[in-house]
> 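So that we are looking at the same thing, I have put the structure below in structure tokens.
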Amino acid sequence: MVLVVLVLILATVLVRVGRLQTSEGETLRAEGAQQWTRRSTITADRGNIFDRNGEELAVSVPARTVSINPELIENPQATADTLASILHLSPERRDELLKEMIEQDRGFVYVARQVDVAVGDQLEALNLAGVDVISEDKRILPGGDTGRSVIGRTDIDGIGTAGLELQYNDLLTGSDGETSREVAPGGRSIAGTESVSITPVPGDDLILTLDRSIQFATEEALLRRVAEIQARGGTAIVMDNDTGEIYAMASVRRDDAGVVEITSGNFAAVDAYEPGSVAKVITIAAGINEGVVTADTSFVVPWRKEYGDDLLKDSHQHPDEAMTVEQILVASSNIGTIMVQQEVGRERHWEYMREFGLGEPTALDFPGESTGILKNWDELWGSERVTVAYGQGVSSTSIQLAAAVNTIANGGTYVAPLLVKSTIDRAGNIIDRPASTTQEVVSPTTAKIVQQMMAEVVCRGTAKYAQVDGFNVAGKTGTGLKAQPNGTYQNAAGEYVYYASFVGFFPAEDPQVTVLVSIDEPPAGDINRFGGTAAGPVFAELAPTVVHELGIQPPADTVPCGTK
């Protein structure tokens with residue numbers, strides 16, 4: 001009986017050993033390896049963002065992240081003091097880490113993320129038990145805040161959270177890799193055992209249409225002007241007439257401390273305001289294109305007139321006078337513009353506004369981009385039916401408005417704005433993005449007539465401050481009102497709140513670049529509350545930089561305003 005029992009026990013042992021060596025062997029070897037092997041993620045390099053000339057706008061640079069495993073810490077007090085000394089931690093943070101090491105409730109705790117490489121390497125050289133130092137990239141903008149509004153940002157894990165970083169996060173993000181290393185009792189790494197088990201694959205790069213020099217100059221000009229006149233903020237866009245490529249897209253705003261700074265949000269795309277008299281360009285172009293008026297068609301225009309229940313007015317009092325359509329645009333007459341709209345018809349006028357790009361987001365598809373407000377023509381009531389003719393009762397973003405006026409500069413053809421020019425894949429191949437879509441809105445003849453009228457606006461109308469030496473500029477001012485929470489256009493102090501803009505293109509004889517400048521809440525009651533005085537000077541300051549960077553030359557037969 002004893003022999004039988006021993007044989008059975010031996011047979012059981014042999015069966016168990018056989019199973020351990022065969023069917024269960026791989027699982028046990030893996031569990032054993034986990035006891036002396038540590039695996040770490042190798043974060044893939046995030047794709048870079050370049051301007052049109054290859055200048056870096058956003059890149060990832062090496063950094064180090066420090067973490068601890070409290071369960072493996074041999075001397076909590078000494079380890080906490082060492083970490084605090086090298087990483088310059090506050091006493092409060094040191095005490096928090098010491099508590100974690102003593103309680104040992106967690107197996108992983110971040111100490112500091114994205115510290116300088118030299119600091120991380122210094123700490124790693126100490127080979128402290130339970131302390132890990134890993135490589136982790138940090139996202140930076142080499143140009144400081146240049147382009148910050150458009151580029152956006154990433155979180156500390158390198159995931160896009162705003163702007164183009166968010167919009168193209170999947171493309172910019174690569175595939176992470178993995179390393180493994182063997183550790184001795186106590187958690188210390190065994191030298192020479194580290195190996196890469198999965199190779200990381202970097203993300204693709206973006207090449208934008210932005211020009212870093214023009215972007216910087218645009219932001220600086222805006223910062224100076226907003227600070228100078230004590231406005232709330234401003235936006236500006238520089239756009240190629242033919243391709244729709246955006247050379248600059250800037251947003252600045254005054255913070256709670258009163259400091260004017262480049263914003264983290266792209267307000268040129270996500271905020272919408274009433275465009276004011278800039279919208280008159282659309283109304284006048286519609287009238288000429290429909291054949292119901294010409295530049296010389298004359299109307300007897302009063303300085304004020306009742307529409308619905310409201311008495312609408314021009315910007316200044318004047319006697320009833322005969323004004324041609326050109327004079328209406330040059331003098332920026334509200335009543336005269338309404339008369340042109342009535343010739344076109346409200347429904348057809350609304351259709352033109354849609355064709356010029358108002359009431360829907362642009363092709364940029366920028367995160368959070370606003371559609372603006374453009375009610376259907378049959379949903380308008382009272383005076384709102386006619387105020388849309390001169391840009392009140394309708395709202396647009398800066399990029400919508402720039403693209404709309406650019407239609408006139410581009411010979412009557414709307415071209416969708418473009419921000420991303422091409423991408424660079426993992427193999428280094430440059431892949432061009434599709435060209436901007438286009439559609440004819442008005443005829444080239446109509447566009448040419450309106451261009452000439454807009455040149456007169458700058459030469460002898462409301463935009464004289466936008467004149468540029470050596471060039472003729474065509475443009476239009478706009479002094480819109482901002483709706484307030486109380487349902488009016490007046491703030492709590494009873495003051496009107498303004499949004500002043502100027503949109504122009506040059507050379508007027510052969511347009512190549514369209515520039516929009518908008519100033520948010522210029523001072524009420526001041527001469528600088530108007531589009532021509534608040535925004536026009538920014539255009540004039542910025543134009544020479546655009547001319548230099550793009551190599552624009554005035555036509556040989558240019559006759560400047562002052563010599564006409």
Side-chain angles (χ1 to χ4, degrees), residues 211 213-231 233-241 247-252 260 268 276-278 281 330 332 398 401-402 405-406 408-409 451 453-479 498-520 522-523 526-555 558-564:
D211 182 297
S213 296
I214 297 177
Q215 179 75 27
F216 175 79
T218 303
E219 290 169 344
E220 289 298 301
L222 267 182
L223 289 169
R224 282 191 294 271
R225 189 59 175 165
V226 169
E228 179 183 7
I229 66 174
Q230 294 297 299
T235 60
I237 293 169
V238 182
M239 181 178 181
D240 184 272
N241 291 156
Y247 295 116
M249 193 175 195
S251 301
V252 306
V260 184
S277 295
V278 174
V281 172
V330 172
S332 199
S398 294
L401 195 59
V405 176
N406 184 68
I408 299 300
Q451 288 173 13
M453 295 166 66
M454 293 175 69
E456 292 301 316
V457 172
V458 178
C459 277
R460 58 186 180 89
T462 58
K464 295 178 181 177
Y465 287 104
Q467 294 177 8
V468 177
D469 290 342
F471 286 86
N472 279 324
V473 174
K476 185 68 187 77
T477 58
T479 306
Y498 294 92
Y499 191 79
S501 302
F502 172 77
V503 189
F505 46 84
F506 62 93
E509 303 85 351
D510 179 26
Q512 297 182 42
V513 177
T514 295
V515 179
L516 173 142
V517 179
S518 295
I519 303 298
D520 185 13
D526 188 282
I527 186 63
N528 288 318
R529 71 182 183 276
F530 301 112
T533 52
V538 180
F539 178 96
E541 177 185 349
L542 181 59
T545 298
V546 176
V547 167
H548 173 74
E549 292 297 327
L550 301 182
I552 300 174
Q553 296 293 328
T558 295
V559 181
C561 286
T563 60
K564 290 185 177 180

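Atoms considered below: every heavy atom in the structure, side chains included; atoms not considered: hydrogens, waters and symmetry mates.
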> Is a side-chain N or O of T545 found less than 3.5 angstrom from the main chain of I214, in a donor-acceptor match?
no
> Working to the nearest 0.5 angstrom, can you tell me the gap between L542 CG and E220 CD?
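These two atoms lie 11.5 Å from each other.
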> By side-chain contact (heavy atoms from CB on, under 4.5 Å), which residues pair with P554, not counting sequence neighbours?
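In terms of side-chain contact (heavy atoms from CB on, under 4.5 Å), with neighbours along the sequence ignored, P554 is linked to F471, T558.
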> May I have the step-by-step check of side chain to side chain contact (heavy atoms under 4.5 Å, CB included) for V547 and F506, ending in yes or no?
CA-CA 9 Å; V547 167; F506 62 93; 3.5 Å; yes
> Could you walk me through whether T477 and T462 satisfy the side chain to side chain donor-acceptor pair (under 3.5 Å) test, starting with their C-alpha distance in whole Å, then the side-chain angles of each, then the deciding distance to 0.1 Å, before giving a yes or no?
CA-CA 7 Å; T477 58; T462 58; 2.7 Å; yes
> Please name the residue in the list I229, L223, L222 that meets the side-chain contact (heavy atoms from CB on, under 4.5 Å) test with R225.
I229
> Just by distance, do the side chain of Q467 and the backbone of V458 share a donor-acceptor pair under 3.5 Å?
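Indeed, once roles are kept as given, a pair shorter than 3.5 Å links the two residues.
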> If you look at every heavy atom in A508 and A474, which pair is closest and at what distance?
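Looking at all heavy atoms of both residues, the shortest contact is CB-N, 3.9 Å.
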> Any donor and acceptor pair, going by atom type alone, linking the side chain of Q451 with main-chain N or O of I408 inside 3.5 Å?
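Answer holds: yes.
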> Once side-chain contact (heavy atoms from CB on, under 4.5 Å) is applied, do any residues pair with A409, and if so which ones, sequence neighbours excluded?
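Result, side-chain contact (heavy atoms from CB on, under 4.5 Å) vs A409: N241, N406, F505, P511, T514.
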> Just wondering, more than 12 heavy atoms not from D469 lying within 6.0 Å of its CG?
no
> Out of curiosity, D526 CG to Q230 CD, how far, rounded to the nearest 0.5 Å?
10.5 Å
> Run N472 and C561 through side chain to side chain contact (heavy atoms under 4.5 Å, CB included) and show every step you take.
CA-CA 7 Å; N472 279 324; C561 286; 3.8 Å; yes
> Determine whether a donor-acceptor pair (N or O, by modelled atom type, separation under 3.5 Å) exists between the side chain of T235 and the backbone of S251.
no
> Report the distance from atom CE of M249 to atom CG of L516, rounding to the nearest 0.5 Å.
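It is 10.0 Å, given to the nearest 0.5 Å.
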> Holding to salt bridge (Lys or Arg N to Asp or Glu O under 4.0 Å), I want the full list of residues that pass it with R224, two or more places apart in sequence or in another chain.
E541
